[in-house]
Amino acid sequence: MGFHAAVRSRIDLPVEGAVLTMPDLPMTYERTNIEDLTPYTPGEQPRHVRMVKLNTNENPYPPAQAVLQAIAQVGGESLRRYPPPSADAFREAAAEAFNLSPEQIIATNGGDELLRMAITTFCLPRPPVGRGGADRGDMGGIAVAEPSYSLYPVLAAIHDTPVARISLCEDWSLPDDFARRVIDAGARLAIIVNPHAPSGHLEPWPKLEAIARQLVGHAVLMIDEAYVDFAVSDALPLLDASRGLDNVLLLRTLSKGYSLAGLRFGFGLGGPSLINALHKVRDSYNTDILAQTAATAALKHRDQARESWQRVMAERRRLGESLAARSWQVLPSESNFLLATPPAKAAAAAEIYQLLKQQGICVRYFDEDRLRDKLRITIGTPEQNDALLSALDAI
Ligand SMILES: Cc1ncc(COP(=O)(O)O)c(C=O)c1O
């Protein structure tokens with residue numbers, strides 16, 4: 001029972017204070033939407049270091065030496081003080097790396113925090129029952145192209161804002177009427193992950209530009225580029241002032257491309273007015289000094305991360321070809337993972353997932369429409385990928 005229901009029961013009771021002794025009316029302090037919420041299920045984080053971990057799309061190579069050195073140099077005095085609230089040194093480094101101005105950048109505690117902040121900033125929570133919800137004529141929530149990152153609807157549920165779900169085409173591309181459907185749904189924020197997760201499909205930026213243009217005046221288009229470092233192109237051209245798009249926000253993270261998932265550092269790129277709005281809702285010190293220092297070094301030494309991107313891309317090709325040679329169907333991927341379907345005569349994907357786990361190899365299985373017959377496999381080092389292939393051969 002939600003809080004409102006509990007309170008109502010309380011009010012209905014004839015004898016004051018009797019609520020405390022009612023055995024069938026447990027008191028709850030959560031909002032109803034939180035009580036009803038099924039939280040996000042992260043990929044497993046096994047404790048055995050020996051596990052071949054190909055399930056949460058981490059970069060298999062270590063962070064750049066320059067990043068580790070920068071962290072080692074953070075002294076006690078920096079830890080004693082509060083960090084710079086808006087991570088200015090990082091924003092300057094990012095501005096230089098992406099040819100933008102610092103006003104177009106916001107630093108966040110992982111890309112996930114940026115998602116939460118965007119929903120808080122742009123989407124309308126449902127009004128309390130009886131307060132004009134029905135006649136508002138504007139659902140005000142998020143629109144997502146599905147299937148995709150399952151955190152999006154969870155964050156929407158936390159903010160108590162509706163979700164319009166728009167199915168991707170058979171080939172995992174966005175439907176041509178995507179923008180029209182976002183507008184018809186009255187969504188305030190459309191989220192597209194590109195390259196797409198979990199398929200690895202990449203939409204070229206001109207298609208995203210056309211969508212953004214249709215959404216101007218209606219909704220913010222957030223392009224989640226968590227995996228873009230492994231792709232041939234990104235959506236940065238949409239931020240060029242000459243295009244006049246004031247509604248585009250890009251999500252970036254250091255978790256994948258920069259081997260820093262444990263650091264929790266992401267950032268948003270967009271027009272100054274969107275970024276300004278996001279700054280208003282951030283925690284006073286949302287990124288700590290260790291993370292800011294490491295993230296700044298990571299962007300200043302992108303060449304070191306870039307080497308790992310090349311190695312991951314080379315292994316992506318080799319693993320894809322090796323799986324195809326074993327009659328797996330492998331989707332072309334612009335990410336650091338492959339979405340692959342085992343051959344019909346092999347065991348089902350769910351069973352292969354379990355068998356691999358028993359052999360110390362963790363991949364990702366989603367018990368969801370369109371994904372049930374597939375496994376998502378993070379690209380590992382050559383040795384890890386070989387271990388996977390040998391285990392599959394044994395199965
Ligand atoms: C599609 C997508 N977006 C955003 C993120 C957020 O990453 P992080 O919070 O680690 O920066 C992830 C992480 O797995 C992701 O898969």
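Note that the numbering runs from 1 along the sequence shown for the chain.
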With rounding to the nearest 0.5 Å, note down the distance linking [atom1] in [X] to [atom2] in [Y].
| X | Y | atom1 | atom2 | value |
| --- | --- | --- | --- | --- |
| L338 | R316 | CG | CZ | 8.0 Å |
| L323 | I377 | CG | CD1 | 5.0 Å |
| L168 | F178 | CG | CZ | 8.5 Å |
| L155 | M117 | CG | CE | 12.5 Å |
| L37 | T32 | CG | OG1 | 12.0 Å |
| S308 | Y61 | OG | OH | 8.0 Å |

Pair listing, ring-ring contact (aromatic ring centres under 6.0 Å, His included) test, anchored in [range], at least two apart:
| range | value |
| --- | --- |
| residues 312-333 | none |
| residues 234-293 | Y82-Y285, F90-F265, F90-F267, F98-F267, Y258-W309 |
| residues 341-379 | none |

- [ ] Show your reasoning for whether salt bridge (Lys or Arg N to Asp or Glu O under 4.0 Å) applies to R318 and E315.
- [x] CA-CA 5 Å; R318 185 181 75 92; E315 271 302 291; 2.9 Å; yes

Atom pairs and distances, donor-acceptor, side-chain atoms in residues 228-241, under 3.5 Å, two or more places apart:
unit_1: D234; atom_1: OD1; unit_2: L236; atom_2: N; d: 3.1
unit_1: D234; atom_1: OD2; unit_2: R252; atom_2: NH2; d: 3.2
unit_1: D240; atom_1: OD1; unit_2: S242; atom_2: N; d: 3.2
unit_1: D240; atom_1: OD1; unit_2: S242; atom_2: OG; d: 2.9

On a heavy-atom basis, which atom in [X] and which in [Y] lie closest, and how many Å separate them?
| X | Y | result |
| --- | --- | --- |
| C362 | E44 | SG-OE1, 4.0 Å |
| F337 | G200 | CE1-N, 3.6 Å |
| C123 | T161 | CB-OG1, 3.6 Å |
| A349 | D373 | CB-C, 3.5 Å |
| P198 | R376 | CB-CD, 3.8 Å |
| V52 | A387 | CG2-CB, 4.4 Å |

Is [X] linked to [Y] within one hydrophobic cluster, defined over Ile, Leu, Val, Met, Phe, Trp and Tyr using a side-chain heavy-atom separation of less than 4.5 Å?
| X | Y | answer |
| --- | --- | --- |
| V220 | V216 | no |
| L274 | L245 | no |
| I105 | I275 | no |

Open item on the list: Ignoring hydrogens and geometry beyond distance, is a side-chain donor-acceptor pair present between Q45 and K53 at under 3.5 Å?
Closed with: yes

Task: D224-Y152 side chain donor-acceptor pair, cut-off 3.5 Å - done: yes

Task: Trace of the salt bridge (Lys or Arg N to Asp or Glu O under 4.0 Å) decision for R81 with E77 - done: CA-CA 7 Å; R81 296 177 179 206; E77 183 58 11; 3.3 Å; yes

Considering only heavy atoms from C-beta outward, does the side chain of [X] approach that of [Y] to under 4.5 Å?
| X | Y | value |
| --- | --- | --- |
| E383 | D386 | no |
| I211 | V182 | no |
| L388 | L356 | yes |
| I166 | P175 | yes |
| L392 | I361 | no |
| P60 | R311 | no |
| Q384 | T378 | no |
| H196 | E203 | no |

Between the side chain of [X] and the main-chain N/O of [Y], is any donor-acceptor distance below 3.5 Å?
| X | Y | result |
| --- | --- | --- |
| N247 | L221 | no |
| R370 | E170 | yes |
| E30 | E35 | yes |
| N33 | I158 | yes |
| K207 | S173 | no |
| N59 | K256 | yes |
| Q104 | A95 | no |
| S333 | S335 | yes |

Name the atoms and distances for all side-chain donor-acceptor pairs under 3.5 Å in residues 140-148, with sequence neighbours left out.
unit_1: E146; atom_1: OE1; unit_2: R165; atom_2: NH1; d: 3.1
unit_1: E146; atom_1: OE2; unit_2: R165; atom_2: NH1; d: 2.7
unit_1: S148; atom_1: OG; unit_2: A145; atom_2: O; d: 3.3

Between [Y] and [X], is there a salt bridge with N-O shorter than 4.0 Å?
| X | Y | result |
| --- | --- | --- |
| E209 | R213 | yes |
| D288 | R264 | no |
| E321 | R317 | no |
| E113 | R116 | no |

Task: Intermediate values then yes/no, side-chain contact (heavy atoms from CB on, under 4.5 Å), T341 and K374 - done: CA-CA 4 Å; T341 315; K374 300 176 171 42; 3.4 Å; yes

Neighbour count above 12 (heavy atom, 6.0 Å) for [X] [atom1]:
| X | atom1 | result |
| --- | --- | --- |
| Q359 | CD | yes |
| Q354 | CD | yes |
| D171 | CG | yes |

Open item on the list: Could you go through F122 and L278, starting from their C-alpha distance and side-chain angles, then the distance that decides it, and tell me whether this counts as side-chain contact (heavy atoms from CB on, under 4.5 Å)?
Closed with: CA-CA 9 Å; F122 305 119; L278 291 164; 4.1 Å; yes

Task: Any pair counted as side-chain hydrogen bond (donor to acceptor under 3.5 Å, both in side chains), so long as it reaches residues 183-195, sequence neighbours left out - done: D138-R188, R180-D184

TODO: Show your reasoning for whether side-chain contact (heavy atoms from CB on, under 4.5 Å) applies to N286 and T108.
DONE: CA-CA 6 Å; N286 64 326; T108 58; 4.3 Å; yes

Task: Stepwise salt bridge (Lys or Arg N to Asp or Glu O under 4.0 Å) check, R306 with D303 - done: CA-CA 5 Å; R306 197 171 280 121; D303 47 320; 6.0 Å; no

Task: Chi angles and distances behind the side-chain contact (heavy atoms from CB on, under 4.5 Å) call for L339, H201 - done: CA-CA 10 Å; L339 189 64; H201 173 86; over 6 Å; no

